[in-house]
Structures are given as C-alpha cells and as structure tokens.
K.L.:
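Got a structure for you, questions after.
Per chain, numbering begins at 1; letters A, B, ... match sequence-line order. Excluded from the calculations below are hydrogen atoms, water molecules and symmetry mates; all remaining heavy atoms, backbone and side chain alike, are included.
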2 protein chains.
Amino acid sequence: MQPENCSENSQLYRFLAENGMINVGAYGFPGAAMQTLCTSSSTSYHNNNYHFESSVITDMTPQDRALAALKNHKEAEKRRRERINSHLDKLRGLLLCNSKTDKASLLAKVVQRVRELKQQTSELSGLETFPSETDEVTVLSGEYSSDGQLIFKASLCCEDRLDLMPDLNEILKSLHLKTLKAEMVTLGGRIRNVLIIAADKDHSVESVHFLQNALKSLLERSNSSEKSKRRRILDRKLVIQ
Amino acid sequence: MQPENCSENSQLYRFLAENGMINVGAYGFPGAAMQTLCTSSSTSYHNNNYHFESSVITDMTPQDRALAALKNHKEAEKRRRERINSHLDKLRGLLLCNSKTDKASLLAKVVQRVRELKQQTSELSGLETFPSETDEVTVLSGEYSSDGQLIFKASLCCEDRLDLMPDLNEILKSLHLKTLKAEMVTLGGRIRNVLIIAADKDHSVESVHFLQNALKSLLERSNSSEKSKRRRILDRKLVIQ
DNA sequence: TGGGACACGTGAGGC
DNA sequence: TGCCTCACGTGTCCC
C-alpha cells in the first residue's frame with residue numbers, strides 16, 4: 001500500500017526538520033509520521049511509541065502537540081473515509097451492484113434508482129383514483145425544481161363536507177404554499193384531493209411536515225363532526241374485488 | 001483556497017529538484033506544479049506556459065513527459081471528484097437535504113430512503129392481495145442477505161390452470177433458484193402467486209432478468225391456450241370501486 | 001504504457 | 001482552541 005523503500009522520505013523528513021518545517025522533538029526523528037509513510041517497512045521506527053494519548057498531553061512542547069494533532073487529524077480523516085465508503089457499500093448491496101462498481105457509476109445508479117422508486121410510489125399510492133373508504137393523508141417528499149422551488153404532491157382522502165375546501169385553502173395560505181394543480185374526485189359522499197404544491201426558496205423542508213400535520217388535524221376535525229359517527233364502522237381498509 | 005505565501009514550498013521544490021526527486025526541465029523551476037500549489041499567489045509563475053498538450057508530446061524529455069503525466073493525472077483526478085460530487089448534489093436535491101449536509105450523513109439518508117422506498121413499492125405493488133383482472137409479472141429487485149445470497153420477490157398473476165405450478169417449478173429449477181416462501185391466492189379462475197426467492201452466491205444479478213423473461217413467456221403460454229380467448233375482452237385494468 | 005480508480009495525508013475553513 | 005469536513009495532489013494498482 002505504501003512504498004517499500006523510504007529512503008527518499010527519510011531524506012525529505014531530514015530536510016524538513018533541518019529547516020524547521022516540522023518538529024522532530026526530543027526523539028531525533030518523527031517516527032510516528034514515518035510509520036504512516038512506510039507502513040510496510042521493517043525498520044525499527046515502529047517500536048518507537050510516543051504516547052500521544054490525551055493522558056500525557058501535559059508537558060508536551062508546542063511542536064509535539066502539533067505533531068500529535070497531525071496524527072489525530074490523519075486518523076480522523078481515515079475514519080471519515082471509512083464511514084463514507086461503508087455507506088457506499090450498503091448502496092452497492094441495495095442496488096445489486098457488483099462490489100467493484102466504481103463510485104461515480106454507483107452514485108449515478110443510485111440517483112436513477114431513487115428517481116424511479118419515487119415515481120413508482122407516487123403512481124402506486126392511490127393518487128388520481130377514486131376516494132377510498134379510509135381516511136388518508138399522504139405528503140410525498142418532493143423534489144427541488146431547477147429554479148430552487150420545492151415541488152411536492154399531497155393527497156387527502158376523507159368525508160366530503162362543504163367547508164373542506166375553504167379549510168384547506170386556509171391551511172395552504174397560512175403556510176405560504178402555492179397550489180400549482182388540484183384534482184378532486186368525489187364519490188358516495190367521500191372526496192379525494194390531490195394537490196401539486198410549490199414552496200418558494202425561503203421555505204425549509206420543515207414546511208412539508210407542517211403541512212402534513214395540518215392536514216391530519218383537518219382530517220380529525222372532520223371525524224369529530226357528528227356526521228362521521230355513523231360512518232366510523234365503515235372506516236376500514238377493504239380488499240375490494 | 002491555497003496558501004498565500006509559497007516561500008516554504010519554493011524551498012521545498014528547490015530541495016526536491018536538487019536531489020533529483022522532481023525534474024525542473026530546462027525551465028529552471030517547475031512553474032506548472034507551483035501554479036497548483038500557489039493559485040492565489042501573484043508571482044509571475046503563472047505566465048510560464050509549458051504547452052503540455054498532446055500535439056507537442058513529440059521531442060519532450062522523459063522528465064517533461066513525467067511532469068506532463070503528473071498534470072494529466074491531477075486534472076483527471078479533479079474531474080473524477082467533480083463527477084462524484086455532482087451526483088451527491090443530485091441526491092441532496094432528491095432527498096430534500098440542505099446543500100451543506102455532509103457526505104456521510106447524506107449517504108446514510110440515501111441508504112435509509114432507498115430501503116424505505118423499496119419497502120413501500122413492495123407493499124404497494126399489489127402483492128399479497130387477491131388476483132387482479134390483468135395478467136402481471138413483477139420481479140422486484142431484491143437485496144443481498146448477510147450471507148451473500150440474493151433474496152427477491154416475484155409476483156405472477158394470471159389465469160389459473162392445472163399445469164401452472166409444475167411449469168413454474170420447472171422454471172425455478174432450471175435457473176437453480178430456491179423458493180423460500182410461496183403465497184397463492186385463487187379467485188374466480190385466476191391466481192396470484194407471490195414467491196420469495198433466493199439465489200446463491202454463484203448467481204449473477206442476471207438471474208433475476210432470466211426469471212422475469214421466463215415468467216413472461218409462461219404467461220404468454222397461458223394466454224395462447226384456447227381458454228383465455230373468451231377472457232381477453234376482460235383483460236383490462238379496471239378501476240374497481 | 002497510458003488512463004482510470006482508489007486511498008492517503010495535508011492545508012484550509014467553519015463551528 | 002480543537003474538532004470536523006472538504007478539496008487537493010500524489011503514489012499505487014490494474015487494465
């Protein structure tokens with residue numbers, strides 16, 4: 001992994017030390033640094049243990065501290081790389097990729113896959129069909145449009161009532177959300193609303209959650225009306241044939 | 001982005017040159033390399049243009065070639081990083097992540113999201129319900145289990161017939177696939193089969209596609225039987241209420 | 001042998 | 001100040 005002969009590096013380190021670019025402390029040679037440069041070397045530098053642990057941080061020269069910091073930094077960076085790569089490996093497993101698919105291609109596939117899956121769930125989650133027998137609120141996590149707007153889809157299925165649309169509009173208005181498109185289907189006293197909603201740049205993603213909660217409370221408001229009491233027994237998910 | 005003062009680097013480069021660790025060619029100083037180390041410097045090294053393009057690859061000293069290769073290498077590596085990062089940015093958009101979400105957290109979210117979405121599509125795609133009126137073959141891209149087996153779900157919905165199961169078993173056997181679990185629901189002369197299938201380590205992902213094709217041909221075999229002729233007029237996706 | 005992919009160590013910048 | 005993240009240039013391996 002690392003070069004077998006460290007002669008050049010030794011030379012380099014000696015130069016750096018002589019010119020005060022690094023500090024070799026009281027130990028004569030920066031063994032800790034050498035170790036990383038020559039991991040496969042069989043020289044005796046490995047035996048030097050400089051104990052950079054925090055317990056002995058006291059009585060260290062500033063130079064030692066700098067060297068210790070460098071070592072910490074190096075190791076932290078390695079852990080960071082490992083963390084990222086382990087996630088990439090998980091994605092390889094999830095996408096059925098060969099374990100030697102390169103990072104860029106893998107990520108390209110991930111992007112494509114996430115798009116497909118979002119598309120599928122969007123199509124499958126009963127949107128744009130007749131209202132179901134169960135009350136439902138779905139806010140599908142959207143996507144940022146090219147101009148930075150957040151576009152997403154919200155679906156609401158519940159008992160129809162006269163003041164539903166005013167209530168809905170009030171919610172959207174108070175959250176400063178804009179309705180790009182709305183589909184309404186009513187059947188047998190129930191309604192399904194599918195809204196395409198835009199949030200401008202100054203919205204955080206939290207707006208989506210606010211909306212979800214507001215719609216749920218809207219739905220509970222409907223349920224608490226006396227009209228829904230007689231229906232409650234029907235509010236089950238039915239397998240319809 | 002890069003250090004403002006290059007005095008140490010100059011020193012370093014001079015040392016490297018003197019010891020033959022790098023080559024400075026006929027120009028006295030490795031300006032091209034310096035440029036990357038001191039991009040914000042206002043010295044005149046920027047004005048040196050060494051023309052490392054392939055058109056003048058002829059009559060270059062070996063040292064020049066090495067330096068040119070280093071430059072190529074550097075630039076290629078930069079392109080590679082940009083490619084990876086652009087995909088990461090796309091994922092940030094797709095997952096509604098803040099543009100300054102760090103890479104590791106982003107990838108963790110991507111893993112989680114892909115798992116959720118796969119789960120959702122798996123649940124939503126009509127599996128484990130009664131057979132539909134339309135013929136369907138679905139092979140959901142699976143996941144590698146901890147022991148390296150590829151586990152995936154296949155769903156088949158078609159006209160029921162006596163020799164369907166033997167045919168199905170034949171297909172699975174010929175592809176060396178193992179059925180971990182099978183669910184069958186029949187209704188009104190139609191059948192829905194949901195299979196959980198395992199492919200051992202020596203299978204490539206291609207087996208999934210082979211299976212998909214085999215199941216489709218199985219389905220066409222059913223349709224070509226005279227029994228299905230009278231049904232064909234019914235083979236439409238119905239919106240059932 | 002040249003190009004692509006990767007891990008590495010390091011400097012810079014943000015809290 | 002110390003810790004964390006990133007981009008960078010480089011050495012190495014592989015095709």
K.L.:
Short of 4.0 Å, heavy atom to strand atom, which residues of residues 100-114 of chain A count as contacting DNA chain C?
P.N.:
Asp102(A), Lys103(A)

K.L.:
Taking the side chain as C-beta and beyond, is there a heavy-atom pair between Val114(B) and Val114(A) under 4.5 Å?
P.N.:
yes

K.L.:
Does the side chain of Lys78(B) get closer than 4.0 angstrom to OP1 or OP2 of dC8(D) through an N or O atom?
P.N.:
yes

K.L.:
Is Glu75(B) salt-bridged to Lys78(B), cutoff N-O under 4.0 Å?
P.N.:
no

K.L.:
By side chain to side chain donor-acceptor pair (under 3.5 Å), which residues pair with Asp89(A), not counting sequence neighbours?
P.N.:
Arg92(A)

K.L.:
Hey, is Lys181(A) close enough to Glu183(A) for a salt bridge, meaning N to O under 4.0 Å?
P.N.:
yes

K.L.:
Please report, rounded to the nearest Å, how far the C1' atom of dG4(C) is from the CZ atom of Arg81(B).
P.N.:
14 Å

K.L.:
How many whole angstroms separate atom CD of Glu75(A) from atom P of dT5(D)?
P.N.:
15 Å

K.L.:
End-to-end bend of the helix from dG2(C)-dC15(D) to dC15(C)-dG2(D) (five-pair axes, 10° rounding)?
P.N.:
0°

K.L.:
In this structure, how many angstroms lie between the C1' atom of dC6(D) and the CD atom of Glu82(B), rounded?
P.N.:
14 Å

K.L.:
For the pair made of CD in Glu77(B) and P in dC13(D), what is the distance, rounded to whole Å?
P.N.:
16 Å

K.L.:
Any salt bridge between Arg79(A) and Glu82(A), counting N to O under 4.0 Å?
P.N.:
no

K.L.:
Can you pull out the residues from residues 84-94 of chain B that lie within a 4.0 Å heavy-atom distance of DNA chain C?
P.N.:
none

K.L.:
Could you go through residues 168-176 of chain B and list every donor-acceptor pair under 3.5 Å that involves a side-chain atom there, pairing it with any protein atom two or more places apart or in another chain?
P.N.:
unit_1    : atom_1 : unit_2    : atom_2 : d
Asn169(B) : ND2    : Met165(B) : O      : 3.3
Ser174(B) : OG     : Glu170(B) : O      : 3.4
Ser174(B) : OG     : Ile171(B) : O      : 2.8

K.L.:
Do any N or O atoms of the protein come closer than 3.5 Å to N or O atoms of nucleotides 2-4 of chain D, and which pairs are they?
P.N.:
unit_1 : atom_1 : unit_2   : atom_2 : d
dG2(D) : OP1    : Arg65(A) : NH2    : 2.6

K.L.:
When the distance from NZ of Lys71(B) to P of dT10(D) is rounded to whole Å, what number comes out?
P.N.:
13 Å

K.L.:
Measure NZ/Lys74(A) against P/dA12(C) and give the value in whole Å, please.
P.N.:
18 Å

K.L.:
Are Gln149(A) and Ile151(A) close enough that some pair of their side-chain heavy atoms sits under 4.5 Å apart?
P.N.:
yes

K.L.:
Going by the side chain to side chain contact (heavy atoms under 4.5 Å, CB included) test, name the single residue among Val137(A), Leu195(A), Thr138(A) that passes it with Leu215(A).
P.N.:
Val137(A)

